[in-house]
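Data first, discussion second: the structure below is written as structure tokens.
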Amino acid sequence: MPANQTLLARITARSDVFGGKPIIRDMRVSVELILILLAQGVAQDDVLDDYPDLKPDDLRARIA
């Protein structure tokens, strides 16, 4: 599986979670939230610290 496809597999969407918005690995963490945090200048390491279930590849998946 190509790298981008592997990363994209980490992104899911379920109609019963956040109205179908993309989420990371079927968790209740939206891609939108991660993008907002990073756009506000929050460092990736800080996001990972605040959301310990997230992995670095989850953050990479947001741009895949």
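For this chain, numbers begin at 1 and follow the sequence in order.
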Quick check: is [Y] connected to [X] through a chain of hydrophobic side chains (ILVMFWY, heavy atoms under 4.5 Å apart)?
| X | Y | value |
| --- | --- | --- |
| Leu38 | Leu35 | yes |
| Ile34 | Leu48 | yes |
| Val29 | Val42 | yes |

Worksheet item: Taking C-beta and beyond as the side chain, do Lys21 and Val31 meet within less than 4.5 Å on heavy atoms?
Response: no
Fill in: Note, Leu33 side chain near Phe18 side chain (heavy atom, < 4.5 Å)
no
Discussion item. Show the nearest heavy-atom pair for residues Ala13 and Pro22, with the distance to one decimal.
Written reply: CB-CA, 4.4 Å
Please round to the nearest 0.5 Å and tell me the distance separating atom [atom1] of [X] and atom [atom2] of [Y].
| X | Y | atom1 | atom2 | value |
| --- | --- | --- | --- | --- |
| Leu7 | Asp58 | CG | CG | 9.0 Å |
| Ile63 | Leu8 | CD1 | CG | 10.5 Å |
| Thr12 | Ile23 | OG1 | CD1 | 4.0 Å |
| Ile24 | Leu59 | CD1 | CG | 6.5 Å |
| Arg28 | Asp53 | CZ | CG | 13.5 Å |

Worksheet item: Can a salt bridge be assigned to the pair Asp57 and Lys55 using a cut-off of 4.0 Å between side-chain N and carboxylate O?
Response: no
